[in-house]
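Just so you know, ligand 1 is whichever comes first in the structure, and atom 1 is the first atom listed for that ligand.
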Amino acid sequence: MSDQQRRLQIFSCNSNPDLAKSICEHIGIPLGDAQVGKFSDGEIHIKLNESVRGSDVYVIQSTCDPVNQHLMELLVMVDALRRASARTINVVIPYYGYARQDRKARARDPITAKLVANLIQTAGADRVITMDLHATQIQGFFDIPVDHLLGVPILASYFKDKGLENIVVVSPDHGGVVRARRLAERLEAPIAIIDKRRPEPNVAEVMNIVGDVAGRTAIIIDDIIDTAGTITLAANALLDHGAKEVYTCCTHPVFSGPAIERIRESNIKEMVVTDTIPLPDHKKLDKIKVLSVASLMSEAIIRVHNEQSVSKLFD
Ligand code: R5P
């Protein structure tokens, strides 16, 4: 295949323009020239100002708040690229929203993670590159390749450089144990699990801790911090059980509703997050450290484009 046929172009919608620019800088190509705006009634309007005919195109867009608008921008962008004869359309979704409704937890629940997968595929995407899906089985909701990157190597390397001692890595619930184990292995630390139970209906939840945390530096890891209820309660439970200090980390800082107030007032020493979701100025606190996924994402794009293995990036 000639170089001309394998032309790589990157476009961004509106969710994460800084990350998109940073990915382009890492790869060494300019960001594609496109306008992603709205008509006066709110409908999404896309204008591609350069040809994409025959190109392998990567679209960077997190489906974070405002979720519905960002999702629709992505779908309209994919449609525009398909109709403009892009060779392949690869959607890079650092944060995949709607992922927490991934099964029918109660009768008559929707499964929005699958609905969004259907929409992206129907719009014309050929591949998805994403990161720390809330449930890994969402990969199977697509019938196109999904490259699923992990935030743990980035978080682990930050904590390693801090030189913390006597660490215990904590999962704030049973669902996050595999993730906690991955971080613990890299930090050569044991794990603990917060076991939330409601002994009887209408009786307050009790937080038991499985594992030894007394006198240790705890690092809680979650995929998402949304209202920060889970993480701040977990931090309190660890301190009540004798943890020396509590660090927290996650890949996706959704930070909705009371999150920033809760984090500000919490006993959490530091909260480490990534830039899969951008933080506006009013959500920036001294104790929140943001690590970039740009280098990981750009490496994944280059590997996919060159048809090389992506699994090396999990090491
Ligand atoms: C739940 O299963 C997720 O992993 C997170 O723990 C949850 O989404 C965090 O939400 P919040 O910050 O609102 O407690």
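Y95 is listed as a side-chain neighbour of I224, based on a closest heavy-atom distance under 4.5 Å.
Each of the following atoms of ligand 1 lies closer than 4.0 Å to a heavy atom of H134: 1 (C), 2 (O), 3 (C), 4 (O).
Contact between G175 and ligand 1 is absent, with no heavy atom of the residue lying under 4.0 Å from the ligand.
Each of S292, S22, S62 was checked for a side chain to side chain donor-acceptor pair (under 3.5 Å) with D275, and the lone residue meeting it is S292. With E270 as the partner, the salt bridge (charged side-chain N to carboxylate O under 4.0 Å, His left out) test is satisfied by one option alone out of K162, K289, K287: K162.
For D223, every heavy-atom contact with ligand 1 shorter than 4.0 Å involves the side chain, none the backbone. Only side-chain heavy atoms of D222 come within less than 4.0 Å of ligand 1; its backbone N, CA, C and O stay farther off.
By the 6.0 Å contact criterion, CG on N49 is enclosed, its count of non-hydrogen atoms from other residues, nucleotides or ligands being greater than 12. The environment of NZ in K284 is crowded: more than 12 heavy-atom neighbours from other residues, nucleotides or ligands sit within 6.0 Å.
Judged purely by distance below 3.5 Å, without hydrogens or angles, the side chains of D195 and H174 pair a donor atom with an acceptor atom. Counted by atom type alone, T276 and H252 present one or more donor-acceptor pairs between their side chains at under 3.5 Å.
The protein non-hydrogen atom at the shortest distance from atom 13 (O) of ligand 1 is T227 OG1, 2.5 Å. Atom 10 (O) of ligand 1 has its closest protein heavy atom at D226 CB, 3.6 Å. Of all protein heavy atoms, the one lying nearest to atom 8 (O) of ligand 1 is R100 NH1, 3.0 Å. Considering only non-hydrogen protein atoms, atom 14 (O) of ligand 1 sits nearest to T230 OG1, 2.5 Å. Distance from atom 9 (C) of ligand 1 to its nearest protein heavy atom, with residue and atom name: I224 O, 3.5 Å.
Residue I231 has no nitrogen or oxygen atom sitting less than 3.5 Å from a nitrogen or oxygen atom of ligand 1, judged on distance alone.
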